[in-house]
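Working notes, beginning with the structure itself.
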Amino acid sequence: MPLTPDDRRQLYRFMCLSRAVEDAAWALAGQGRLVGRLYTSHGQEAIPVGAAYALRPDDVIAPMYRDMGMHLVRGVAPVEVFAQYMGKRGSSNAGKDSGLHIGDMARGIVGMISVLPDSLPVAVGVALAFKLRREPRVALTSFGEGAASTGAFHEAVNMAAVMKVPVVLVCENNGWALSTPPEREFATAAIVDRAPAYGIPGVQVDGNDVEAVHAAVAEAAARARAGGGPTLIECLTMRMRGHSIIDPADYVPRAQLDAWAARDPLAGQRERLAAAGLWDDAREAALQAELRAEVDAAVHAAEAMEDPLPGDVHTGVFAA
Amino acid sequence: MPLTPDDRRQLYRFMCLSRAVEDAAWALAGQGRLVGRLYTSHGQEAIPVGAAYALRPDDVIAPMYRDMGMHLVRGVAPVEVFAQYMGKRGSSNAGKDSGLHIGDMARGIVGMISVLPDSLPVAVGVALAFKLRREPRVALTSFGEGAASTGAFHEAVNMAAVMKVPVVLVCENNGWALSTPPEREFATAAIVDRAPAYGIPGVQVDGNDVEAVHAAVAEAAARARAGGGPTLIECLTMRMRGHSIIDPADYVPRAQLDAWAARDPLAGQRERLAAAGLWDDAREAALQAELRAEVDAAVHAAEAMEDPLPGDVHTGVFAA
Amino acid sequence: MSTGSAMRTLTYHEAVREALWQAMEADPAVFLMGEDIAAYGGVYKVTAGFVDRFGADRVIDTPIAENAIIGAATGAALVGMRPIAEIQFADFIACGLDPLVNMTSTIHYRWGQPVPLVVRAPAGATWASAGPFHSQSPEAWFAQIPGLKVVMPATPADAKGLLTAAIRDPNPVIVLEQKYLYRRLSGPVPEGEHVVPLGRAAVARPGRDATVVAWGSMAFKALEAARMLADGDGIDVEVVDLRTIVPWDRDAVLASVARTGRAVVVYEAHRTAGFGAEVAATIAEDGFADLDAPVVRLAGLDTPIPAHPVLEAAYLPDEHAIADALRRLVAY
Amino acid sequence: MSTGSAMRTLTYHEAVREALWQAMEADPAVFLMGEDIAAYGGVYKVTAGFVDRFGADRVIDTPIAENAIIGAATGAALVGMRPIAEIQFADFIACGLDPLVNMTSTIHYRWGQPVPLVVRAPAGATWASAGPFHSQSPEAWFAQIPGLKVVMPATPADAKGLLTAAIRDPNPVIVLEQKYLYRRLSGPVPEGEHVVPLGRAAVARPGRDATVVAWGSMAFKALEAARMLADGDGIDVEVVDLRTIVPWDRDAVLASVARTGRAVVVYEAHRTAGFGAEVAATIAEDGFADLDAPVVRLAGLDTPIPAHPVLEAAYLPDEHAIADALRRLVAY
Ligand SMILES: Cc1ncc(C[n+]2csc(CCOP(=O)(O)OP(=O)(O)O)c2C)c(N)n1
Ligand SMILES: Cc1ncc(C[n+]2csc(CCOP(=O)(O)OP(=O)(O)O)c2C)c(N)n1
Ligand SMILES: [Mg+2]
Ligand SMILES: [Mg+2]
């Protein structure tokens, strides 16, 4: 199914919404109004948006901590994001955990943890369940190129390959693992070079091209759904902010940032839409105004929510 | 340095010694005279012997539990092996551990543990030390094809590749991981297919050809010594006994055993030596008589050794 | 808690098999995954024959990958399955500890999703030279991590009943099967459905003079010691078999100590920071007024678990050591 | 134990840096490995500037691979190096637990080879929303494993002196640095060589009415509580800072309890099966005759460590909770 004009505008809209939410979050974090540390997808928005948009509603995602766009595409509202970031009582984690660790199986979202890349084996297990039950559903998980150095990555990808489970493995290679560049994480040119080692298809895409990401994931998901097993997709991108809000990222060369700034995924999609006659300044102005309003309202609504009560600490360790 | 006629006979002799020691151990285990479980290298002798013979005395080995031949080549005497197998007070593990978990840094032997493949990262660290100190030494470690499914394998091989440390990685692909065949451990044709995924050279050799194993390890060790980093060597072989002495291995197809029985590494080397005029029946008879005597004497000497005393349990938890 | 409860004598091993078999028959969401569990039937043959009955989709041989086994089982549990993961030896749980203690155990607390997962592992020393890497009893690690339940059955009936309860529990439950008892211990086991609720200790033997709190293989040894003392010394010992380590039955333990005034806590894991420290500390704090003597601990040594039988015997508490400790305690 | 011991006031963080720096200067076998420790200087900037002085061969950035970090550091230690491995947060030790508890800890017992390895990790909660995966105190896990030493310094002087001792020790030593104290706590630290022997507790404050046994951040909080009680309640509390968890100083603790007759054990790890259970159980067993009241434990809750400040505060014992426990105990 090729993307309709509407789809293509939706992809752009979700990236803009992601950027707007994260810009606001960045400002709030700077003012000390969030709980815990903030990690954002600035510059990488095309990956979570393009990937999640290629899935069906009953597919399951097991995202990484930068994947704002995946949550938005799955229907997580900005107010939910801010409530979560503020640790509000009514948020997904109810203040017990923080960051983008939102979990909600009703919307097919596996809530991540900080340990890298622990959602990956979990996604393989979700996919295994789909396979055992012969359901035409897929699981998609994402992780950084640095996380691919871990044993958990290897065990999970290998198991997925051996069991041929319907999982899509999205590596967001953003040039840095905190302060560590790829050449100190692996001795090959790319993460996708590992696909043959597991006997699975691998594809490398421009991670700043949302339609390319979408196409790659759609193809991988279709293959998985048809019983073709896992695919490793490496999306090349660049982390345009520090690792987290407290990281000034002095170690990143200016030239690298400049080169990638010229390839902003939002601008790229906007220009492509405009060239196709699907976008213009009026639509842009309207969208930005709409997003500003939506985000402002969401921030206010979240801030008005109740904080956790001390006694909440005791609840929920076990399911009853 | 090509192998001299003497070297080639030595390789044969070590394989025969390994077989003789393990045949004796098998019989002793069957009579309940050993401590713990017995795992042997029956059918795989060419790998540990060929690999260890390619090293220098100040290189370090971190072998796996079937590598009788490595120990013998490093100078571990049969009496030491039997004493260890019997858990004697004067053995390497003094009865505190069992099996081929002999450790002795004076002879460059890292004592393994049961958890797979925990000697691998340790060998990488040994090699790292050599690199940091600019010593022309290498570390060699071995592991089964099943153990290559573990996260420890991935982390260690990847780290070795990134740091370009002088380590030789020997995979003994013997067709089975306990009862699990390779196709349920990995979805590629071979373990060596993983070498490109780490950006290191990989080579597959006939693991039943001791001279081929020797050549591959010698080349890898030379490369490592020269700063060329790790090499992954996959040795194709077959486990000709059960996983351990208590495993009847009903799950192994008869035809697979028969095919490999025709390719016994000892017979192969003997025929090759004979064809080159380096071996004859008289030498063979003398060797077998000598080995029988050596092994018999070793068993008796080991059995005469003192058992551990109950109070020994308390000693040695910490170095003073 | 038992229906159709005709009793037969089964070994501990048969009881575990029966719990698994009945759960597989009853609930298509239940499946098994682990190393060498299908054709081979597991290293202790607990699942021998299962793949023939239930097929390779429900009895899944995995690669050697403890982290992925636990992680993947967790994922399957999130979408409605009831996975039972076998770790070949409890010692190797260390290789998959991270997903268990960081991911699996925290999911319900963090976002309210139940994780109905069972991890089975043969645990404990064998009095047969299994050595440092096939003998461990890691229950204290899991007890230190909120969100994981832990059971250590000590009888065939409990092996069946606690495993059944574990499979039905909406939380991750670690079942440390006592490999020492697999084929050594037989006892009556109800034929039909049999559920032993998690979190309840059993008074395995009532007594007046002192309480032994034990679990797993040591509950078995404690009963032997109690019989020795009853026969030879006229000392009447109460044996409380904890059965569940998390959540553990504080009330039952404190009630017993209130009756006897004396307590010995016995466990085969390393003494320092073993779960027995928790039991002893709790008795000392909440049962202080009841105590006529110090709470004594008897445990494995603070050494790796040695292989040679002479050393293994020196490492492990046995019925004689337990009896001696009780004699001293009663004389205090 | 200190030479050239001109005293300066340093933060805990500066004291750790100084110990590392001096060890690197003194012994070419010492090197550092870990994630983001070179150019970045580590997430807590403990090793900032080290790579410029000592070079990339001695300050090694690794891939994200905790298992290989610990395994490789062990290998380097076997051939004469003195590696210091940094785990970015103590929580992530779970990913490298297997080599530590199975390989590294057992080598000397099994074949007599010393393993002079230090594993440093920032540990503990922060009272600043670090959440479930950046707040843990895993000391009880390691205490349950024979062959590993564990230290948890609570003062700048001990941060330097215990780390120096750890680096010189021929055994694997895990140093759980208290990230709560890194920049919050200053104190006098000897300028030159400064070694605090492993295994000796410190009486951080002498007192007559009750003993608090604590370590790490809780030793700091206990001192605050003791000051509050001295000023406001006229209660004279002795604070014993354990400093080393393995081997721990039983004698010092028992001697203090013999003087005061009352003990509170305070730790921030989860209460159940935390190391405080070991301390409390030991006092209850070996100090029974000295006790005028039950041994009380005060600890983190049996829940994951929550992120929101309201919840984190509810999770953690603080000086007020410690003071309350002491008031109750003294009134017992
Ligand atoms: C097992 C583990 N080790 C270390 C960390 C600390 N850590 C958090 S993010 C990060 C870098 C991750 O880099 P990458 O996977 O490339 O993702 P990116 O942040 O670049 O998106 C590190 C080392 C962790 N969370 N988990
Ligand atoms: C981490 C871990 N998991 C499981 C085991 C149990 N186990 C011991 S040997 C073995 C099979 C190993 O197969 P392979 O690596 O191919 O070596 P082989 O025995 O064939 O030489 C297994 C599963 C173990 N020792 N360590
Ligand atoms: Mg990255
Ligand atoms: Mg094999």
Side-chain angles (χ1 to χ4, degrees), chain B residues 60 62 84 91-94 96-98 101-106 108-135 137 139 141 150-163 165 167 313 315-320, chain D residues 28-29 31 33 55-58 60-83 85 95-117 145-149 169-173 198-199 246-247:
Chain B
V60 166
Q84 167 72 13
S91 69
S92 174
N93 292 173
K96 289 168 174 172
D97 197 1
S98 67
H101 296 198
I102 293 171
D104 179 8
M105 291 314 293
I109 303 171
V110 174
M112 76 195 79
I113 64 173
S114 304
V115 191
L116 299 173
D118 283 7
S119 285
L120 208 170
V122 174
V124 171
V126 168
L128 174 62
F130 295 160
K131 182 180 172 180
L132 297 179
R133 295 195 302 237
R134 293 175 176 69
E135 294 170 357
R137 298 164 69 184
T141 189
T150 62
F153 165 88
H154 176 71
E155 292 195 4
V157 175
N158 185 56
M159 184 180 281
V162 170
M163 298 189 181
V165 302
V167 68
V313 71
T315 60
V317 174
F318 289 109
Chain D
F31 74 100
M33 62 190 294
D57 265 12
R58 294 185 65 200
I60 304 176
D61 271 346
T62 67
I64 302 173
E66 285 76 13
N67 186 307
I69 290 170
I70 290 169
T74 299
L78 289 179
V79 288
M81 302 299 285
R82 296 226 162 220
C95 303
L97 199 78
D98 164 58
L100 253 184
V101 303
N102 283 316
M103 173 62 85
T104 314
S105 69
T106 66
I107 286 176
H108 193 266
Y109 191 69
R110 297 186 307 114
W111 48 284
Q113 175 71 25
V115 186
L117 163 65
I145 300 301
L148 301 172
K149 296 187 178 182
D169 200 272
N171 296 287
V173 185
L198 304 185
V246 182

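Each chain gets a letter, A, B and so on, in the order the sequences are listed, and its residues count up from 1.
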Side chain / backbone / both / neither for D:Thr106 at chain B, heavy atoms under 4.5 Å
side chain

Distance col, row D:Cys95:SG vs D:Ile70:CD1, nearest 0.5 angstrom, shows 9.0 Å

Report the residues that fulfil salt bridge (charged side-chain N to carboxylate O under 4.0 Å, His left out) with B:Asp118, sequence neighbours left out, ordered by chain and then residue number.
none

Count the heavy-atom pairs under 4.5 Å between each of D:Ile107, D:Ile60, D:Thr104 and chain B, then report the option with the highest count.
D:Ile60

Is a donor on one side and an acceptor on the other found under 3.5 Å between the side chain of D:Thr74 and the backbone of B:Val122?
no

Against chain D, label B:Val167 side chain, backbone, both or neither, depending on which of its atoms sit under 4.5 Å from a heavy atom there.
neither

Interatomic spacing from OH in D:Tyr109 to OG1 in B:Thr315 - rounded to 0.5 Å
6.5 Å

For each of B:Ala320, B:Ala319, B:Ala94, tally heavy-atom pairs with chain D at distances under 4.5 Å, and name the one with the top tally.
B:Ala319

Would you give the length of the straight line joining atom CD of B:Gln84 to atom CG of B:Asn93, rounded to the nearest 0.5 angstrom?
4.0 Å

Below 4.5 Å from any heavy atom of chain B, which atoms of D:Val101 appear? Answer side chain, backbone, both or neither.
neither

Value for CG (D:Asp98) from CD (D:Glu66), rounded to nearest 0.5 Å, stands at 13.5 Å

Give, as side chain, backbone, both or neither, the part of B:Met112 having an atom under 4.5 angstrom from any heavy atom of chain D.
backbone

When only pairs under 4.5 Å are counted, which of D:Pro63, D:Gly147, D:Pro247, D:Pro170 shares the most heavy-atom pairs with chain B?
D:Gly147

Heavy-atom contact with chain D under 4.5 Å, split by part of B:Ala139:
neither

Without swapping roles, check the side chain of D:His108 against the backbone of B:Gly316 for a donor-acceptor pair under 3.5 Å.
yes

Excluding sequence neighbours, so at least two apart, what forms salt bridge (charged side-chain N to carboxylate O under 4.0 Å, His left out) with B:Asp97?
D:Arg110

Assert top hit (heavy-atom pairs under 4.5 Å, partner chain D, pool B:Leu128, B:Val157, B:Ile113, B:Val165) equals B:Ile113

Does any heavy atom of chain D fall under 4.5 Å from the side chain of B:Ala152, the backbone, both, or neither of them?
both

Max heavy-atom pair count under 4.5 Å with chain D, selected residue of B:Ser92, B:Pro121, B:Ala156
B:Pro121

Need one label for B:His101: side chain, backbone, both or neither, based on atoms under 4.5 Å from any heavy atom in chain D.
both

Any donor-acceptor N/O pair, D:Lys149 side chain to B:Phe318 backbone, under 3.5 Å:
no

Does the pair D:Asn67 and B:Phe153 meet the rule for a side chain to side chain contact (heavy atoms under 4.5 Å, CB included), with working shown?
CA-CA 10 Å; D:Asn67 186 307; B:Phe153 165 88; over 6 Å; no

Does any heavy atom of chain B fall under 4.5 Å from the side chain of D:Asn171, the backbone, both, or neither of them?
side chain

Ranked by heavy-atom pairs below 4.5 Å to chain D, first place among B:Val60, B:Asn158, B:Asp104, B:Leu120 goes to B:Asp104

Among B:Val115, B:Val124, B:Leu132, who wins on heavy-atom pairs under 4.5 Å with chain D?
B:Leu132

B:Ser91 versus chain D, the contacting section by heavy-atom distance below 4.5 Å
neither

